[in-house]
Amino acid sequence: MDDRTPLLSADVSAERAGIPLGVTTELAVVISLRAAGDAVGGPRPALSVAFVLDASGSMRGDPIAQVKDSVERLIELLAPNDQVSIVAFADNPVVVSERGPLTPGHKAHLKRRLQGVQALGGTGMTRGLQQGASALGPRGDNERQVVLLLTDGAPTDGASTESLAAVALGLRPNVSTTTLGYGPNHNADLLDGVARAGGGQYWYIPDPQDAQVEFARALGAQGDVVVDGVELVLLPSEGTEILEVLAAGKVRVSANGLVVPRPDLRSEQTHTTIVRLRIDAGSEAGRTKPLSVQVRYRRAGAAAIHNVEAALVVDVVHGEGSVNPGAQRLVALAGAEIKRASARHQADQGRFDAAAAVLRAVVKDLEALPGYAKMDGGSVSEAVEQLLDEIQAYETRPSAQQYMEFRSTNLGVDLAQGSKHAADVKAQSQSSRALMAGVVDQQVIGNIVVRQPGHADVVVPLAGELTIGRVPGNDIVLALGNISKRHTRIVARDGKVVVVDLKATNGTFVNGQRVGAPQIVGPGDKIQIGASELHFEARQPAEPKK
């Protein structure tokens, strides 16, 4: 795509189209960014990846072995013009391999050096992240630089979420940071905070057997990024004050206005930012422009900075201005996400009933919004269904490990950004599809037969992955029994069929036994989800022609 073609559009609206004459008014404003949808069809920029791997003592055994095998496999799947470096960190970081293009010789060097990594010592995460970025070297044109930080624990070097997030933010816009939390003992909030500051995404790997697929999913998402280095510059007019930018992270004041970093955006991804203003409307009716917005961004991998400008325009009127329902919904969702975080804090302290009560009140408010319809696939409906899952989870009073798993799984969902889990976004670009094709089987290997009481059997071909849950958008939608929004994933990999429970409250069962770690199933096995049964039927090979 031509570098001059706009890859990002911006729209600014307010919850009300007008403000009352002669009154100082507080107003919520929605800034919506949308990335172009056709930019991933052509060649993507070269990818420079620093794998920053936790090699502390807690990774000893199967975890470090699975991680090393996963990195080896991804090295084979990346393009020849991509570059890879590997850093292992324990008490101190070690550059396992310097950055280099994926020639056969460098691949062999990477694998040889990688297999020599031993797990021992503490978790010096700060220097590990810094060393990973340093190993990438200067960024070239048409090159995306990404740090993939994986850990199974919490820092032992005194680092906090704020200090590590500051490191990740300082690497932007040239380096994006994505984090992967491994197993039950990592600090999910810390990794999520680091990824948000670094423009990337936090991913949860609950079990060593999931490592290859989740690594590929996280890395493949980088091939779908259309724009990076995204920043909002907010300039209020005279008589207007910015009270708050919701979920802004670290902002800074410049000569041009308040600068708010935003995440890298994938193809067709929309991101909304809510800004609260206090506006002195003045004494004359008419139109006013209380806020100007400049959006700075780069085409993924490019050096040139592009600008998109937009502005908020409202009418100064006698009486109250009319409500803007679309903006009102987005403001409500942003507020719901803040209250959801408050409920999660209550649950962290074991106050599950109080957490559930907070969310029930939020659900009631969302259901009262004009235009809400249950399970219509809209943003409010998706948020309500997500909250209902969390209410149910809290009301079961989960064990410490069950709660951690549920919490980490759902940390990838943001009500303000559509309530979709990042892992459920399908690979879009050729490169990301190729990465996923390298770790899951793309050929149809059989069928999943779905049996629900009172319904005819449904036959669904199995290739790659199938997601199962109660809401539209899943590959298999189950309406009977206590089914979570995202309940189970069935994966075809290495010629096997694997059932992955997505830490749903009511669990997934195979032959009557609850699924913990990913479980291989075959013909004759019975997968039970709520009131439904699923069976795998292997596809028979075609008979040779006579």
Side-chain angles (χ1 to χ4, degrees), residues 1 3-13 29-40 44-45 47 133 139 141-147 165-166 168-179 192-202 221-235 242 245-254 256-275 291-312 330 334 414 416-418 420 422 425 428-429:
M1 177 173 285
D3 196 43
R4 294 168 296 180
T5 304
L7 295 179
L8 193 69
S9 60
D11 178 75
V12 184
S13 59
V29 177
V30 178
I31 304 171
S32 295
L33 306 179
R34 183 173 179 82
D38 58 353
V40 297
R44 66 161 171 80
L47 198 60
R139 177 183 170 277
D141 196 15
N142 201 35
E143 173 192 352
R144 264 185 61 74
Q145 293 194 338
V146 179
V147 167
L169 180 63
L171 301 177
R172 298 186 70 193
N174 288 328
V175 179
S176 298
T177 303
T178 283
T179 59
D192 183 55
V194 171
R196 287 176 184 268
Q201 176 70 46
Y202 159 73
Q222 299 301 320
D224 293 339
V225 170
V226 174
V227 293
D228 60 21
V230 183
E231 292 182 328
L232 301 178
V233 183
L234 310 179
L235 182 62
I242 298 175
V245 183
L246 274 62
K250 187 75 171 178
V251 301
R252 68 182 189 274
V253 177
S254 74
N256 296 320
L258 187 67
V259 181
V260 184
R262 299 289 75 183
D264 302 341
L265 297 181
R266 300 195 217 180
S267 173
E268 298 186 327
Q269 183 179 355
T270 298
H271 188 276
T272 61
T273 301
I274 308 299
V275 182
L291 182 70
S292 297
V293 179
Q294 182 186 68
V295 188
R296 299 196 290 237
Y297 72 92
R298 303 183 313 188
R299 178 177 61 81
I305 297 174
H306 299 267
N307 294 294
V308 173
E309 295 185 353
L312 174 68
L330 293 171
D414 188 333
Q417 307 302 334
K420 297 289 187 183
V425 178
Q428 297 165 311
S429 65

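Along the sequence shown, the residues carry numbers beginning at 1.
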What pair of heavy atoms forms the shortest contact from Val226 to Ala35, and how long is it? CB-CB, 4.3 Å
Carefully, step by step, assess Leu33 and Val295 under the rule side-chain contact (heavy atoms from CB on, under 4.5 Å). CA-CA 9 Å; Leu33 306 179; Val295 188; 3.8 Å; yes
Would you say Pro6 and His306 make side-chain contact, with heavy atoms under 4.5 Å? no
Give me the atom names and distance for the closest heavy-atom approach of Gln201 to Thr178. O-CG2, 3.2 Å
Between Arg144 and Asn174, do the side chains contain a donor N or O and an acceptor N or O under 3.5 Å apart? no
Contact summary for Ala311 and Val12, nearest pair of heavy atoms: O-CB, 3.8 Å
Between Glu231 and Val260, is any pair of side-chain heavy atoms under 4.5 Å apart? no
Regarding Asp224 and Ser267, is there a side-chain donor-to-acceptor distance under 3.5 Å anywhere? no
Show your working on side-chain contact (heavy atoms from CB on, under 4.5 Å) between Leu234 and Val275 and close with a plain yes or no. CA-CA 9 Å; Leu234 310 179; Val275 182; 3.9 Å; yes
Side chains of Asp11 and Ser32: is there a donor and an acceptor less than 3.5 Å apart? no
Tyr297 and Ile305, any side-chain heavy atoms less than 4.5 Å apart: no
Heavy-atom pair of closest approach, residues Ala302 and Asp141: CA-OD1, 3.5 Å
With sequence neighbours excluded, tell me which residues meet side chain to side chain contact (heavy atoms under 4.5 Å, CB included) with Asp414. Arg196, Glu337, Ala416, Gln417
For Pro173, does its backbone N or O pair with a side-chain atom of Arg298 as donor and acceptor, under 3.5 Å? yes
Sorted by chain and residue number, the side chain to side chain contact (heavy atoms under 4.5 Å, CB included) partners of Pro261 (sequence neighbours excluded) come out as Leu169, Arg172
Taking it one step at a time, do Val233 and Val293 satisfy side-chain contact (heavy atoms from CB on, under 4.5 Å)? CA-CA 6 Å; Val233 183; Val293 179; over 6 Å; no
Can you tell me how far apart CG (Leu235) and OG (Ser254) are? Round to the nearest 0.5 Å. 9.0 Å
Minimal heavy-atom distance between Arg139 and Glu143, with the atoms involved, is NE-O, 3.0 Å
So how far is it from Leu8 CG to Arg262 CZ, rounded to the nearest 0.5 Å? 12.5 Å
Go through the steps for Leu258 and Ile242 under the test side-chain contact (heavy atoms from CB on, under 4.5 Å), then give the verdict. CA-CA 9 Å; Leu258 187 67; Ile242 298 175; 4.2 Å; yes
Distance check, rounded to the nearest 0.5 Å: Ser292 atom OG versus Leu312 atom CG? 9.0 Å
With Arg34 via side chain to side chain contact (heavy atoms under 4.5 Å, CB included) - residues at least two apart: Ser9, Glu268, Thr270
Closest heavy-atom pair, Ala197 versus Ala165, reported as atoms and distance to 0.1 Å, is CB-O, 3.4 Å
Using 0.5 Å steps for rounding, measure from the CG atom of Leu232 to the CD atom of Gln294. 10.0 Å
Do Glu309 and Arg296 meet the salt-bridge criterion of a basic N to acidic O distance under 4.0 Å? no
Looking at Thr177 and Val147, would you say the former's side chain and the latter's main chain have a donor-acceptor pair under 3.5 Å? no
Do Thr273 and Val245 come close enough that some side-chain heavy atom pair is under 4.5 Å? yes
